[in-house]
S.K.: 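First the structure, then my questions, so here it is.
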Amino acid sequence: VQVKISPERQQLIGIKTASVKSQPIHKLIKAVGRVDYAEPNLSIVNLKFDGWVEELFVNSTGRAVRRGEPLFDIYSPDLVSAQQEYLIALKAGATLGDSSSILKSAREKLRLWDIPDREVEELGRTGQTKKTVTIYSPGSGIVIEKNVVQGQKIMSGENLFKIADLSRVWILGEIYEYELAFIKTGQEAKISLSYYPGESFAGTITYIYPYLKPETRTNQVRIEVANPGLKLKPEM
């Protein structure tokens, strides 16, 4: 059945025509989210031996540190003994020439205690044990936890510092169950905050968590965002 409508009638009722063509269909999904630390950018500082903090160089939370920056000096009787063992093995090897396995074992002990190779080499060059050893930051970032004070007795395994690199952060977005079909990893996301009106941050969905929150019927998605100027702060 064909229906014909006069041009006057078409104009009156506002009919518009267009050629059929393929084009992408966009769906806008709005969600709330929370800024969080990017887990791969977190560093924990602890020790594999007991000792006493002789001098503390980084003594406050919120301070920025660089990878390799000194955090504190520690005195450990066990570490002094390990240095002495290494020097004895080194001298025995030079004299007898048959103690390479003992020397290797002594050096490996220091390495397993995370003593840098440069300090072991310096020990062998000078032939003198050091009362204290300097502990360095394993990464660059902001000190978000500090559980050490000068003069404190430290036990092996204690978490002394927690350092977060905030140059990239995660946004944990909450997507309702009925909208999950439209969400895929690799999609772009635009983040805006009331703290910065008129400004937005671009991110990418990197992970969709495999479970729902039963109390809200939402699924969490992880959006990774560059954070120049550290404007995005965890818990925003």
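For this chain, numbers begin at 1 and follow the sequence in order.
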S.K.: Run the side chain to side chain contact (heavy atoms under 4.5 Å, CB included) test against T204 and tell me which residues pass, sequence neighbours left out.
M.R.: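 Checked T204 against side chain to side chain contact (heavy atoms under 4.5 Å, CB included); zero matches.
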
S.K.: Any donor and acceptor pair, going by atom type alone, linking the side chain of D50 with main-chain N or O of S156 inside 3.5 Å?
M.R.: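 Answer holds: yes.
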
S.K.: Under the 4.5 Å side-chain heavy-atom rule for ILVMFWY, direct or indirect, which residues accompany I88?
M.R.: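 None; I88 is a cluster of one.
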
S.K.: What distance do I223 atom CD1 and I208 atom CD1 have between them, rounded to the nearest 0.5 Å?
M.R.: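 Atom-to-atom, I223:CD1 and I208:CD1 are 10.0 Å apart.
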
S.K.: Determine, for R111 against E108, whether the closest basic-nitrogen to carboxylate-oxygen distance falls under 4.0 angstrom.
M.R.: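 E108 and R111: salt-bridged.
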
S.K.: Please name all residues satisfying ring pair (Phe, Tyr, Trp, His ring centres under 6.0 Å) with F49, sequence neighbours left out, ordered by chain then number.
M.R.: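 F49: ring pair (Phe, Tyr, Trp, His ring centres under 6.0 Å) contacts with W113.
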
S.K.: List in chain and number order the residues that pass side-chain hydrogen bond (donor to acceptor under 3.5 Å, both in side chains) with N159, two or more places apart in sequence or in another chain; answer none if no residue qualifies.
M.R.: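 So N159 forms a side-chain hydrogen bond (donor to acceptor under 3.5 Å, both in side chains) with N46.
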
S.K.: Taking E235's backbone N and O only, do any of them form a donor-acceptor pair with R34's side chain (distance below 3.5 Å, no angle check)?
M.R.: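 Side chain of R34 to backbone of E235: no pair is present.
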
S.K.: Run the side chain to side chain contact (heavy atoms under 4.5 Å, CB included) test against E199 and tell me which residues pass, sequence neighbours left out.
M.R.: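 Once residues adjacent in sequence are excluded, the partners of E199 under the side chain to side chain contact (heavy atoms under 4.5 Å, CB included) criterion are Y196, F201, K231.
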
S.K.: At what distance, to the nearest 0.5 angstrom, does CD of E145 lie from OG1 of T61?
M.R.: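 Interatomic distance, E145 CD to T61 OG1, rounded to 0.5 Å: 9.5 Å.
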
S.K.: Should D73 and F57 be marked as a side chain to side chain contact (heavy atoms under 4.5 Å, CB included) after you check the CA-CA gap, both sets of side-chain angles, and the distance that decides it?
M.R.: CA-CA 8 Å; D73 283 347; F57 305 117; 3.6 Å; yes

S.K.: In chain order, what residues pass the ring pair (Phe, Tyr, Trp, His ring centres under 6.0 Å) check against Y75, with sequence neighbours excluded?
M.R.: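 Applying ring pair (Phe, Tyr, Trp, His ring centres under 6.0 Å) to Y75 gives none.
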
S.K.: Between Y86 and R107, does a side chain to side chain contact (heavy atoms under 4.5 Å, CB included) hold up when you go through it step by step?
M.R.: CA-CA 6 Å; Y86 177 75; R107 181 164 188 148; 3.6 Å; yes

S.K.: Within this structure, what is the CD1-CZ distance for the pair I15 and R9, rounded to the nearest 0.5 Å?
M.R.: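 If we round to the nearest 0.5 Å, I15:CD1 and R9:CZ are 8.5 Å apart.
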
S.K.: Is Q187 reaching over with its side chain to a backbone N or O of F182, donor-acceptor style, under 3.5 angstrom?
M.R.: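 Looks like yes, one N/O pair under 3.5 Å.
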
S.K.: For Q152, which residues count as a side chain to side chain contact (heavy atoms under 4.5 Å, CB included) partner, sequence neighbours excluded?
M.R.: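 If we apply the side chain to side chain contact (heavy atoms under 4.5 Å, CB included) test to Q152, skipping adjacent residues, the hits are V148, V149, I154, E158.
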
S.K.: Tell me every residue that passes ring pair (Phe, Tyr, Trp, His ring centres under 6.0 Å) with W52, counting only those two or more places apart in sequence or in another chain.
M.R.: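 By the ring pair (Phe, Tyr, Trp, His ring centres under 6.0 Å) rule, W52 matches no residue at all.
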
S.K.: May I ask you to test the L42-I144 pair for a side-chain heavy-atom distance under 4.5 Å?
M.R.: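 Contact flag for L42/I144 side chains = yes.
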
S.K.: Flag yes if more than 12 heavy atoms outside K153 fall under 6.0 Å of its NZ atom; otherwise flag no.
M.R.: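 More than 12 heavy atoms, drawn from other residues, nucleotides or ligands, come within 6.0 Å of this atom.
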
S.K.: Which hydrophobic side chains are connected to L112, either touching it within the sub-4.5 Å cutoff or through other members that do?
M.R.: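 Under the 4.5 Å side-chain rule, L112 groups with nothing.
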
S.K.: I need the M236 CE to I171 CD1 distance, nearest 0.5 Å.
M.R.: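 Reported to 0.5 Å precision, the distance equals 10.0 Å.
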
S.K.: Report whether L172 and Y211 are members of the same hydrophobic cluster (ILVMFWY, side-chain heavy atoms less than 4.5 Å apart, transitive linking).
M.R.: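 Result: yes, single cluster for both.
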
S.K.: Using every non-hydrogen atom in the two residues, find where T129 and Q84 come nearest and quote the distance to one decimal.
M.R.: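 Scanning both residues, the minimum pair turns out to be CG2-CG, 3.6 Å.
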
S.K.: Does a side-chain heavy-atom distance below 4.5 Å link L160 with L71?
M.R.: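 Result no, sub-4.5 Å side-chain heavy-atom pair not found.
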
S.K.: Shortest non-hydrogen contact from I175 to A31?
M.R.: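 For I175 versus A31, the nearest heavy atoms are CD1-CB, 3.7 Å.
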
S.K.: Starting from L12, walk the hydrophobic network (Ile, Leu, Val, Met, Phe, Trp, Tyr; side-chain heavy atoms closer than 4.5 Å) and list everyone else you reach, by chain and number.
M.R.: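 Noted: L12 shares its cluster with no other residue.
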
S.K.: Applying a strict under-4.5 Å side-chain criterion to I, L, V, M, F, W and Y, I'd like to know whether L79 and L90 cluster together.
M.R.: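 Same cluster: L79 reaches L90 through Ile, Leu, Val, Met, Phe, Trp or Tyr contacts under 4.5 Å.
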
S.K.: May I ask you to list the residues sharing a hydrophobic cluster with V32, side-chain cutoff 4.5 Å, ordered by chain and number?
M.R.: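 Via sub-4.5 Å side-chain contacts, V32 links to none.
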
S.K.: Between the main-chain N or O of L232 and the side-chain N or O of N227, is there a donor-acceptor pair closer than 3.5 Å?
M.R.: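 Judged by distance alone, yes, a pair lies under 3.5 Å.
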
S.K.: Check the hydrophobic clustering (I, L, V, M, F, W, Y; side-chain heavy atoms under 4.5 Å; chains of links allowed) and say if L166 and W170 are grouped together.
M.R.: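 Hydrophobic grouping puts L166 apart from W170.
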
S.K.: Show, in sequence, the C-alpha distance, side-chain angles and deciding distance for I205 and K184, and conclude whether the side chain to side chain contact (heavy atoms under 4.5 Å, CB included) test is met.
M.R.: CA-CA 7 Å; I205 296 176; K184 294 179 176 60; over 6 Å; no

S.K.: What are the two closest non-hydrogen atoms of Y209 and N219, and how far apart are they?
M.R.: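 Where Y209 meets N219 most closely, the heavy atoms are O-ND2, 2.8 Å.
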
S.K.: Of all the heavy-atom pairs spanning S167 and L230, show the shortest one and how long it is.
M.R.: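 In this case the closest contact between S167 and L230 is N-CD2, 4.3 Å.
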
S.K.: Taking C-beta and beyond as the side chain, do D165 and S140 meet within less than 4.5 Å on heavy atoms?
M.R.: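 Contact flag for D165/S140 side chains = no.
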
S.K.: Are V45 and I142 in one and the same hydrophobic cluster, where Ile, Leu, Val, Met, Phe, Trp and Tyr link if side-chain heavy atoms are under 4.5 Å apart?
M.R.: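 Looking at the clustering, I142 is in a separate group from V45.
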
S.K.: Going by the rule side-chain hydrogen bond (donor to acceptor under 3.5 Å, both in side chains), which residues pair with E39 if we only count those two or more places apart in sequence or in a different chain?
M.R.: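 Applying side-chain hydrogen bond (donor to acceptor under 3.5 Å, both in side chains) to E39 gives none.
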
S.K.: Given K30 and L28, is the side chain to side chain contact (heavy atoms under 4.5 Å, CB included) satisfied, shown in steps?
M.R.: CA-CA 7 Å; K30 291 187 176 182; L28 177 65; 3.9 Å; yes

S.K.: Do side-chain atoms of Q83 reach the backbone of K130 as a donor and acceptor pair under 3.5 angstrom?
M.R.: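 Yes, Q83 side chain to K130 backbone: donor-acceptor pair under 3.5 Å.
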
S.K.: Once you round to the nearest 0.5 Å, how far does CD of E119 lie from CG of D114?
M.R.: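 One gets 11.5 Å once the value is rounded to the nearest 0.5 Å.
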
S.K.: Write down the atom of A64, the atom of E69, and the distance for their closest heavy-atom approach.
M.R.: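 Looks like O-OE1, 4.4 Å.
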
S.K.: L56 and I163: same hydrophobic cluster, using ILVMFWY side-chain contacts below 4.5 Å?
M.R.: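 Per the 4.5 Å side-chain linkage, L56 and I163 are co-clustered.
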
S.K.: I need the minimum non-hydrogen distance between R168 and N41, along with the two atoms involved.
M.R.: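 What the structure gives for the nearest pair is O-ND2, 3.7 Å.
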
S.K.: Once you round to the nearest 0.5 Å, how far does CZ of F161 lie from CD1 of I44?
M.R.: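 Here the interatomic distance stands at 11.5 Å.
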
